[in-house]
Amino acid sequence: MSKYSKNGSIPQIIKLPEKLYPQSTKLVAWNIVSYQSILKKGFMRYIKAEKPDILILSETKAQAPGNLLLRAQFPYQSWSNSLKKGYAGCAILSKVKPLNKWLSLPTHEDTQSTKGRIVTLEFENTFLIGTYVPNSALMASYPQIHDKSQRQTWDDALFAWINQLGDSKSVIWCGDLNTTAVSYDMHPRGGTWGVSAGTTLAERRSLKRILNDQDVMKDISDADMDSKRRKHYDAWRHTHGWDEQGEYTFYSMRIGGRGASIGWRLDTFIIDERLIDKVAACDIRYEIYASDHLPVMLELNEEL
């Protein structure tokens with residue numbers, strides 16, 4: 001199947017690579033746009049073919065569904081729902097029992113407003129954070145609802161949360177980040193670098209603070225760098241190298257982005273430096289084209 005296929009139903013026959021290591025943990029992060037919609041497009045066919053141990057979903061727009069097949073595969077489900085019905089939504093479905101969970105962002109000044117945007121699970125060795133990061137373009141479009149500084153408030157709170165959790169265990173942050181790290185993570189015709197939401201200086205600086213990696217953000221000063229703080233890695237970029245360009249996870253339906261290969265790489269896994277050597281694979285699933293986002297798979301040769 002071409003990586004540039006248009007959105008539609010998930011293929012009837014899906015062939016995906018097996019795990020590189022039988023004992024490893026396979027995670028999948030996917031912005032599905034709507035849980036009810038994706039079900040009709042063959043969602044369960046993909047899950048059967050991929051066989052993830054942990055599934056991180058964003059933009060679910062649904063309460064915890066009573067799908068018995070999904071419940072049988074993932075007995076431990078954590079759904080965070082927005083206060084506004086049918087809006088946002090984030091979930092982590094797991095075959096591994098978590099020790100603790102948080103359905104909002106505890107370090108945010110208004111934790112209620114973060115429901116539907118984040119789920120954090122604690123496992124024996126790791127914290128896993130799944131997010132649907134607020135889109136700053138939508139905030140700017142509705143000033144009567146969103147204050148301009150809300151995205152920065154979110155970024156600051158997430159930065160504090162990741163650092164707080166990282167004091168005791170390794171951290172994996174994943175999902176729809178709604179930010180691109182470098183210019184070639186956005187097609188030149190997809191927007192205006194540095195101006196379009198997701199590429200602004202403030203957003204890139206926030207991502208750099210978490211990555212704490214000068215090589216990633218060479219176009220920004222190193223004022224936010226902290227040699228004493230842990231480094232985090234973009235797992236996809238780490239495994240595919242800096243020469244890999246034109247690979248995207250989001251294609252706008254409004255402009256027919258999939259067919260024209262005009263996309264953004266908004267979805268990934270950000271990995272704590274203590275785990276980066278355990279990353280066996282991180283791949284974009286171009287075969288699965290039922291949403292305007294593509295699933296991203298991470299194979300971690302480590303138990304969470």
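In terms of heavy-atom proximity, P52 sits nearest to F74 at O-CE2, 3.5 Å. In terms of heavy-atom proximity, L20 sits nearest to A280 at CD1-O, 3.5 Å. The minimum heavy-atom distance between V171 and I162, with the atom names listed, is CG2-O, 4.0 Å. Scanning both residues, L70 and F43, for their nearest heavy atoms gives CD1-CE2, 3.9 Å. Of all the heavy atoms in S291 and N31, the pair that sits closest is OG-O, 2.9 Å. Among all heavy-atom pairs drawn from T107 and A157, the shortest one is OG1-O, 2.6 Å.
The hydrophobic clustering, which links ILVMFWY residues whose side-chain heavy atoms are closer than 4.5 Å, places I13 and I10 apart. Cluster annotation: L57 and Y76 are assigned to distinct hydrophobic clusters (Ile/Leu/Val/Met/Phe/Trp/Tyr, side-chain heavy-atom contacts under 4.5 Å, transitive). When the side chains of ILVMFWY residues are joined at heavy-atom separations under 4.5 Å, either directly or via intervening members, I56 and V96 end up in a single hydrophobic cluster. Taken together through direct or relayed side-chain contacts under 4.5 Å among Ile, Leu, Val, Met, Phe, Trp and Tyr, W264 and V195 form parts of separate hydrophobic clusters. Residues L69 and Y35 share a hydrophobic cluster, clusters being chains of Ile/Leu/Val/Met/Phe/Trp/Tyr side chains in contact below 4.5 Å.
When only modelled atom types and interatomic distance are considered, W79 and T60 share no side-chain donor-acceptor pair under 3.5 Å. The closest side-chain donor-acceptor pair between N301 and Q23 falls under 3.5 angstrom. Judged purely by distance below 3.5 Å, without hydrogens or angles, the side chains of W193 and T180 never pair a donor atom with an acceptor atom. No hydrogens or angles considered: a donor-acceptor pair under 3.5 Å links the side chains of T249 and D267.
Taking NZ from K169 and CG from D272, the interatomic distance works out to 13.0 Å, rounded to the nearest 0.5 Å. Summarising the geometry, atom CG belonging to L121 is positioned 7.0 Å from atom OG belonging to S94; distances are rounded to the nearest 0.5 Å. F127 CZ to Q164 CD: the interatomic distance, rounded to the nearest 0.5 Å, is 8.5 Å. Once rounded to the nearest 0.5 Å, the distance linking CD of Q150 with CG of D110 reads 8.5 Å. Here I172 contributes atom CD1 and L304 contributes atom CG; the two are 5.5 Å apart, rounded to the nearest 0.5 Å. To the nearest 0.5 Å, atoms CD (E203) and CG (D155) are separated by 7.0 Å.
Within 6.0 Å of the CD atom in E18, the count of heavy atoms belonging to other residues, nucleotides or ligands does not exceed 12. In this structure, E124 places its CD atom where only 12 or fewer heavy-atom neighbours from other residues, nucleotides or ligands lie under 6.0 Å away. At most 12 non-hydrogen atoms from other residues, nucleotides or ligands lie less than 6.0 angstrom from NZ of K278. Residue K26 qualifies as enclosed at atom NZ: its count of foreign heavy atoms under 6.0 Å is above 12.
Using a 4.5 Å heavy-atom cutoff, the side chains of Y289 and P11 are in contact.
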Item checked: Residue pair R274, T126: steps toward the side chain to side chain donor-acceptor pair (under 3.5 Å) verdict -> CA-CA 10 Å; R274 291 168 288 188; T126 309; over 6 Å; no
Next item on the list: Begin with the C-alpha distance, continue with both residues' side-chain angles, and end with the deciding distance and a verdict on side chain to side chain donor-acceptor pair (under 3.5 Å) for T25 and D53.
Entry: CA-CA 6 Å; T25 303; D53 299 298; 5.0 Å; no
Next item on the list: Carefully, step by step, assess I47 and Q73 under the rule side-chain contact (heavy atoms from CB on, under 4.5 Å).
Entry: CA-CA 9 Å; I47 299 305; Q73 292 193 50; 3.4 Å; yes
Margin query: Run E59 and K61 through salt bridge (charged side-chain N to carboxylate O under 4.0 Å, His left out) and show every step you take.
Written below: CA-CA 6 Å; E59 204 171 355; K61 298 179 181 177; 3.6 Å; yes
Next item on the list: Show your reasoning for whether side-chain contact (heavy atoms from CB on, under 4.5 Å) applies to I118 and V133.
Entry: CA-CA 8 Å; I118 186 169; V133 172; over 6 Å; no
Checklist line | Intermediate values then yes/no, ring-ring contact (aromatic ring centres under 6.0 Å, His included), W30 and Y46 | finding: CA-CA 12 Å; W30 190 12; Y46 167 59; 5.4 Å; yes
Note to self: If you apply the rule salt bridge (charged side-chain N to carboxylate O under 4.0 Å, His left out), what do you find for E247 with R265, and how did you get there?
What the structure shows: CA-CA 7 Å; E247 304 291 330; R265 196 172 66 86; over 6 Å; no
Notebook entry, point to check: Run the side chain to side chain donor-acceptor pair (under 3.5 Å) check on Q152 and S206 step by step: do they pass?
Noted result: CA-CA 8 Å; Q152 190 61 57; S206 293; 3.3 Å; yes
Next item on the list: Check the pair D167 / R230 against salt bridge (charged side-chain N to carboxylate O under 4.0 Å, His left out), numbers first and verdict last.
Entry: CA-CA 10 Å; D167 286 340; R230 280 170 300 280; 3.5 Å; yes
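S34 places a side-chain N or O within donor-acceptor distance of the main-chain N or O of S37, the cut-off being under 3.5 Å. A donor-acceptor pair under 3.5 Å is absent between the side-chain atoms of S82 and the main chain of G116, judged by distance alone. For T179 (side chain) and L177 (main-chain N/O), a donor-acceptor pair under 3.5 Å exists by modelled atom type. Panel note: side chain R117, backbone A88; no donor-acceptor pair is recorded below 3.5 Å. Remark: the backbone N or O of L105 is not paired with any side-chain donor or acceptor of T111 at under 3.5 angstrom. Counting only distance, with no hydrogens or angles, the side chain of E299 and the backbone of V279 share no donor-acceptor pair below 3.5 Å.
A cation-pi arrangement is found for R209 relative to F159, the charged atom lying closer than 6.0 Å to the ring centre and inside a 45° cone about the ring normal.
Among K15, R45, K19, R285, the one residue that satisfies the salt bridge (Lys or Arg N to Asp or Glu O under 4.0 Å) test with E50 is R285. With H293 as the fixed residue, the ring-ring contact (aromatic ring centres under 6.0 Å, His included) test singles out one of F250, Y248, Y132: F250. The residue from L93, I92, I32 that alone fulfils the side-chain contact (heavy atoms from CB on, under 4.5 Å) condition with L55 is L93. Across I284, D283, L27, a single residue satisfies side-chain contact (heavy atoms from CB on, under 4.5 Å) together with M297, and that is D283.
In summary, D185 and R237 engage in a salt bridge, as defined by a charged side-chain N under 4.0 Å from a carboxylate O. With respect to the salt-bridge test (charged N to carboxylate O, under 4.0 angstrom), the residues E122 and K101 do not qualify.
Note on ring orientation: taking the six-membered ring where Trp is involved, the planes of H108 and W154 are tilted (angle from 30° to 60°).
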